Each structure stands twice: as C-alpha cells, then as structure tokens.
Amino acid sequence: MKNDIDRVIFDVIDKTEFINGSYVKSFEYDFSEYQDAKYCVGVGNGTDALEIAIEALGLPANSEILVPANSFIASSEAVTRSGHKVVFCDVNEDDLTISLNSVKKLVNVNTSAIIAVHLYGHPCDMDPLLEFAKQNNLRVIEDCAQAHGALYKGRKVGAIGDIGTFSFYPGKNLGAFGDAGAIVTNDEQLAKMCRMIANHGRTEKYAHQFEGRNSRLDNIQAAILGVKLKYLNEFTETRIKIADKYLAELSDINTITLPTRQKWATQVYHLFVIRVGDRDKLNEFLNKNGVQTGIHYPVSLPKLEAYKHFESNNETVVAEHAATKLLSLPVGEHLNEEEVCRVIKLIRAFYER
Ligand SMILES: *Cc1c(COP(=O)(O)O)cnc(C)c1O
C-alpha cells in the first residue's frame with residue numbers, strides 16, 4: 001500500500017486541503033457503501049463519534065443509557081459526557097456481548113437508549129434487542145469500533161439500529177495513521193445533526209445554528225483510510241482464517257474456553273479472546289516466549305476507579321468473572337501462518353507440561 005498512501009498524502013499537501021477536503025467526501029461515500037448505510041459522517045475519533053451520535057438523538061437530559069460492562073471505557077464515557085447517566089448491564093456468558101436478559105431487568109421509565117457494542121468484532125443479537133427497544137421506546141446505538149465489516153444475519157453492522165459509530169484508531173481493523181472515526185445511519189436528519197454537531201453547529205461558514213464542537217475527520221487520514229479500505233475484505237479474511245486455525249487446533253484443550261461464534265454472525269475478529277483459569281500464568285509463558293498478548297479488558301467497567309462512586313446494581317457478574325479469565329491471542333493481517341502455528345504450539349506446550 002505504501003506507494004498509494006504516499007501518493008495521496010502528498011496530494012493532500014500539494015492541494016493544502018486539510019479540512020473538509022475531497023478525500024473526506026469520497027471516504028464518507030465509500031465507507032457508507034461498505035457498511036450498507038445511507039449516510040456516513042467522518043469525525044475525529046471513535047469516542048467523539050459515540051458522543052456526537054448520542055447528542056444527535058436528542059434524548060431527554062440525564063436519562064439512563066444501558067452500557068455493557070465488558071467494553072472499553074469510551075462506551076460509557078460518551079454517555080456521561082453527553083449529559084446522561086450510565087447504567088451498566090451484563091454480557092452473555094457465550095459471546096460476551098450485551099445480555100438482553102440483563103437489559104430487561106434494568107430498564108425503567110428513565111431509560112432512553114441502549115449501546116450495543118459489537119465486541120471483539122462479534123455482532124450483538126440485534127433482532128431481539130431492537131424488538132425490545134421498540135416496545136420500550138428506546139434508541140439503539142451500535143458501537144462498531146471493533147466491528148468494521150461484521151455481519152449480523154448477512155447485514156453489515158452500523159445502520160441496523162438507529163445509529164452506529166466507528167473508530168479508525170491505528171490498531172482497529174481499519175486503522176488510520178492517527179485518530180479518526182465515523183458515524184453511520186440511514187436517518188437523514190440524524191446524519192445532518194451529527195455533521196452539524198461535529199462542525200460547530202453550522203451549516204455554512206458562519207451560519208451557526210447552535211453550539212456544536214470541533215471533531216472533523218482530517219483529510220490526510222481520510223485519504224489514507226480510502227486506500228486501506230480497498231484491502232479491508234482481504235485483511236478480514238486473513239483474520240478469520242487465523243481464528244479458524246486457533247478454533248480447530250485448540251479445541252481439544254478442555255481448560256480453554258474458545259470464543260463463541262453465533263450461527264448468525266460473521267465475526268471479523270478484531271480480537272481473538274480465549275478464557276482460561278490460569279490466565280496470568282499462560283500469559284506470562286507466552287510473553288516470555290516472544291508472543292505478545294492483550295487482555296480486553298482486565299477490569300470490567302463498573303469496577304474501574306472512574307466508577308467507584310457508582311452504587312453497584314449487582315447485575316454484571318458474568319462480565320466481572322470473565323475479566324479474570326480473558327486473554328487475547330495475536331490476530332491480524334500482519335501475521336503469517338508460521339507465526340500462528342508457533343502460538344498454537346506454545347499454548348499446547350504450556351498445557352502438556
Ligand atoms: C476503540 C474503541 C472506542 C473508541 O475509539 P477511539 O477512536 O479510540 O476514540 C470505542 N468503543 C470501543 C468498543 C472501542 O474498542
């Protein structure tokens with residue numbers, strides 16, 4: 001990709017077209033096509049995308065928004081920063097995405113929305129969630145920061161609910177060369193509102209309708225993303241191939257719980273997360289042998305220092321318990337087969353000792 005990326009970066013510089021440039025427009029178009037959404041609004045990062053999406057929905061001030069307890073803090077941070085109250089709910093024991101049972105227990109008259117995080121690249125079970133949301137007059141925001149291209153029953157995530165948000169942080173499945181994000185929706189009004197919020201509440205240069213903020217997608221980032229988007233399907237196929245290899249070759253180790261892939265899901269494996277009782281020991285062993293791992297996430301959101309003032313609703317036991325066992329194995333388009341085999345061999349060696 002290097003030549004193409006170099007070329008577009010120099011083109012942006014040649015044109016001195018850094019803000020609201022032509023690459024932003026064409027990337028927004030290409031990404032909306034890619035995600036099967038009518039509209040796409042480029043923004044500064046995935047956290048801003050969530051904040052702006054929530055704000056654009058115009059929910060009653062200080063209303064409750066349900067957030068799954070196993071996610072990155074951005075999912076809950078955005079709720080508080082947009083003037084609402086975070087209510088943590090639990091995740092499913094199998095796929096670790098938002099639990100509808102838990103949602104049902106926590107909904108009350110003050111609840112206005114649900115954040116469905118397609119965690120690790122695995123889509124949430126959207127149909128029953130949307131059905132419940134409709135019955136209870138709730139809006140559904142899809143946090144797709146880890147799920148570019150993921151499919152729920154053959155449909156791309158993002159515009160299945162009311163509005164969806166993406167991050168192009170360099171480590172995501174589609175990564176920029178810095179911070180970047182996007183919002184997708186099929187609702188024209190919502191898209192318009194997001195664009196205005198992200199650009200100082202204006203429609204034209206000095207026509208400010210209200211106070212917004214500044215969170216625009218850089219033209220250089222958009223140009224790079226436009227090049228990389230063409231490779232995303234290929235990258236995703238590599239991720240799935242690696243995941244299939246792990247699933248096949250680690251399935252006989254009883255002490256490992258492998259990630260669940262629901263029948264209706266095309267998971268894009270932003271992360272390949274196993275659960276093991278002796279997580280810290282296995283982790284240390286892999287690291288010592290040159291295999292970089294991660295833990296997503298070592299502490300469930302309600303247990304973070306940031307939320308110590310929250311009264312526990314005792315509702316997030318699955319997430320809390322999972323946090324002690326989660327271990328993310330290497331996955332990504334940069335890995336070759338030999339490297340994946342090496343990880344598998346090391347894990348087998350650890351358990352055969
Ligand atoms: C990365 C991530 C975000 C935040 O995206 P940034 O671009 O880093 O702000 C939000 N939600 C989830 C689930 C993420 O993984």
Side-chain angles (χ1 to χ4, degrees), residues 27 31 35 40-55 65-82 84 86 88-89 91-92 95-98 113-124 126 140-150 152 157-158 161 163-184 194 197-198 213-218 220-222 224-225 228 239 259 267-273 294-302 304 306-307 319 322-323 326 328 331-332:
F27 176 71
F31 195 66
Q35 290 298 142
C40 170
V41 179
V43 294
N45 57 68
T47 310
D48 283 1
L50 272 170
E51 273 186 51
I52 293 164
I54 295 169
E55 196 181 329
I65 300 183
L66 295 168
V67 181
N70 185 27
S71 185
F72 181 59
I73 192 170
S75 307
S76 47
E77 213 171 35
V79 169
T80 311
R81 295 201 71 88
S82 50
H84 299 282
V86 176
F88 290 114
C89 59
V91 294
N92 299 318
D95 61 24
L96 296 173
T97 65
I98 194 163
I114 302 168
I115 302 201
V117 182
H118 302 306
L119 197 73
Y120 311 148
H122 189 292
C124 303
M126 293 303 288
V140 176
I141 300 134
E142 294 176 66
D143 181 346
C144 312
Q146 305 186 355
H148 316 70
Y152 172 69
V157 299
I163 194 161
T165 63
F166 287 84
S167 164
F168 305 118
Y169 174 84
K172 305 291 184 181
N173 288 30
L174 178 61
F177 285 11
D179 279 314
I183 300 164
V184 300
C194 288
I197 293 169
R213 57 190 290 176
N214 179 0
S215 182
R216 297 171 301 221
L217 174 59
D218 279 359
I220 283 191
Q221 300 302 343
I224 295 162
L225 288 166
K228 290 187 77 181
R239 284 177 184 273
Q267 177 174 5
V268 295
Y269 292 101
H270 173 59
L271 297 167
F272 188 92
V273 179
I295 298 175
H296 304 86
Y297 294 90
V299 181
S300 68
L301 292 176
L304 289 173
Y307 298 108
L326 302 168
S328 308
V331 65

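Whatever order the structure lists them in is the order used to number ligands and atoms, beginning at 1. Counting begins at 1 with the first residue of the sequence. What you are looking at is a predicted structure, and each value in this text was computed from that prediction instead of being measured.
Neither the backbone nor the side chain of Ala49 comes within contact range of ligand 1; no heavy atom lies under 4.0 Å.
Side-chain atoms of His296 and Leu326, non-hydrogen and from C-beta on, never get closer than 4.5 Å to each other. The closest side-chain heavy-atom distance from Thr97 to Val117 is not below 4.5 Å. With contacts defined as side-chain heavy-atom distances shorter than 4.5 Å, the pair Val140/Met126 qualifies. Phe166 has its side chain out of reach of Lys172: every pair of non-hydrogen atoms, C-beta onward, lies at least 4.5 Å apart. Inter-residue side-chain proximity for Tyr307 and Ser76 is flagged as met; some heavy-atom pair is nearer than 4.5 Å.
Counting atoms of ligand 1 from 1 in the listed order, those under 4.0 Å from a heavy atom of Thr47 are 4 (C), 5 (O), 6 (P), 9 (O). If you number the atoms of ligand 1 from 1 as listed, the ones under 4.0 Å from a heavy atom of Val117 come out as 13 (C). Under a 4.0 Å criterion applied to the non-hydrogen atoms of Ser71, ligand 1 contributes the atoms 13 (C).
Of the polar atoms of Gly46, at least one N or O is found under 3.5 Å from an N or O of ligand 1, judged by distance alone. For a threshold of 3.5 Å applied to N or O pairs, the pair formed by Ser167 and ligand 1 contains at least one separation below that value.
In terms of protein heavy-atom proximity, atom 10 (C) of ligand 1 is closest to Ala74 CB, 3.5 Å. Residue, atom and distance of the protein heavy atom nearest to atom 13 (C) of ligand 1 are Asp143 OD2, 3.5 Å. The protein atom (non-hydrogen) at minimum distance from atom 3 (C) of ligand 1 is Ala145 CB, 3.7 Å.
Ring geometry for Phe168 versus His148: interplanar angle of 30 to 60°, hence tilted.
Note: Tyr169 and Phe72 fail the aromatic proximity criterion, with ring centroids not under 6.0 Å apart.
Under a 3.5 Å cut-off, the side chain of Gln221 and the backbone N or O of Phe177 do form a donor-acceptor pair.
Judged by the shortest distance from any of its heavy atoms, Gly181 lies outside the 4.0 Å radius around the atoms of ligand 1. Under a 4.0 angstrom heavy-atom cut-off, Lys172 registers as being in contact with ligand 1.
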